[in-house]
Every structure is written in C-alpha cells, then in structure tokens.
Amino acid sequence: MQYMLMIAEDESYYQGDDAEKRMEETMGKHMALIEEMEKAGAYVGGHRLQDADTATTIKYTSGEGVLHDGPFAETHEELGGYYIIEAADLDRAIEWARKIPVPGNGAVEVRPVWQD
C-alpha cells in the first residue's frame, strides 16, 4: 500500500544567520533517508515545496470557492514537503515517517493513498 508522509515544519527555523547551514544539514539528512528508502524499495517519490507564502488556496463555503493567498491553515507550521512511499502496513509507514528530519517544531502526517 502507498502512504503519503506530509512534513509540516516551522519555516522560521531556516531563517537567521545560520539559515544556509541549517538547510544544508536538513537536506543532507533527507538525501540520506531517500537513499535508505530506495535501497529498501519503499521510495516512490517526493518533493520539497516552496515557502508557504507562495501558496494559493481555494476555500469553499456552501459550494462556492473563494481564492486566498497563502496556505489554508493559520499556523506556525507549514507544509514543507512530502514523500510517497510503499509500505506493507501503517506500522511500517510510521517507522519511515519517524526517520524524517524535522528540526525544531513540526509534525509528519501519515495517510494512506486512495487505491483505485
């Protein structure tokens, strides 16, 4: 079964004097995780997303969509990226999710992909 691992993190972690170093360290950890997933046959795909201030949301109320700049939720954690993985079950998907580097505050949502 495929699972989507959605990474929510605080973008402010990557600001300040050592922002470039923090980003390089985090990306290095992601690259190592991708390599591990590929070797295990779990990696299907994934991408880093641009900053939340580039988002556009269509919010629906009673079936009518209204366009908004920015992400849907008012929060300090933004959707920073995602992985699509192949895992035997939820427990194995959670094991992979726990390996995702999320510095500072954040979360990883694990959700099964709808199978046609």
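Quick note: residue numbers are just sequence positions, from 1. Both backbone and side-chain heavy atoms feed into the values below; hydrogens, waters and symmetry mates do not.
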Val108 and Ala97: which non-hydrogen atoms are nearest, and at how many Å?
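Looking at all heavy atoms of both residues, the shortest contact is CG1-CB, 3.8 Å.
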
For the residue pair Pro103 and Thr26, what are the closest heavy atoms and their distance?
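Taking Pro103 first and Thr26 second, the nearest heavy atoms are CG-OG1, 3.6 Å.
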
Same hydrophobic cluster for [X] and [Y], using side-chain heavy-atom links shorter than 4.5 Å among ILVMFWY?
X: Leu49; Y: Ile84; result: yes
X: Met6; Y: Val44; result: yes
X: Val110; Y: Val113; result: no
X: Met31; Y: Leu33; result: yes
X: Tyr82; Y: Trp96; result: no

Quick check for you: to the nearest 0.5 Å, what is the distance between Leu67 atom CG and Lys59 atom NZ?
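So the gap between those two atoms works out to 13.0 Å.
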
Rounded to the nearest 0.5 Å, what separation is found between the CD atom of Glu11 and the CG atom of Leu79?
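If I round to the nearest 0.5 Å, the distance is 9.5 Å.
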
Step by step, would you call Val102 with Ile7 a side chain to side chain contact (heavy atoms under 4.5 Å, CB included)?
CA-CA 8 Å; Val102 180; Ile7 306 162; 4.1 Å; yes

For a side chain to side chain contact (heavy atoms under 4.5 Å, CB included) check, start with the C-alpha distance between Ile100 and Lys29, then their side-chain angles and the critical distance, and finish with the verdict.
CA-CA 8 Å; Ile100 295 173; Lys29 292 175 183 177; over 6 Å; no

Applying salt bridge (charged side-chain N to carboxylate O under 4.0 Å, His left out), which residue pairs with at least one partner in residues 38-51 are found, sequence neighbours left out?
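Listed once each, the pairs are Glu35-Lys39.
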
Expected list for residues 85-94: side-chain donor-acceptor pairs under 3.5 angstrom, two or more places apart:
unit_1 : atom_1 : unit_2 : atom_2 : d
Glu86  : OE2    : Met1   : N      : 2.9
Asp89  : OD1    : Asp91  : N      : 3.2
Asp89  : OD1    : Arg92  : N      : 2.9
Arg92  : NH1    : Glu95  : OE1    : 2.5

Does Glu24 have any salt bridge (Lys or Arg N to Asp or Glu O under 4.0 Å) partners at least two apart in sequence or in another chain, and if so, which?
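Applying salt bridge (Lys or Arg N to Asp or Glu O under 4.0 Å) to Glu24 gives none.
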
For side chain to side chain contact (heavy atoms under 4.5 Å, CB included), just list the numbers for Gln115 and Gln2, CA-CA rounded to whole Å, side-chain angles, deciding distance to a tenth of an Å, and then say yes or no.
CA-CA 8 Å; Gln115 301 294 307; Gln2 289 187 351; 4.0 Å; yes

Measuring only between side-chain heavy atoms, which start at C-beta, is Asn105 closer than 4.5 Å to Tyr13?
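Result no, sub-4.5 Å side-chain heavy-atom pair not found.
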
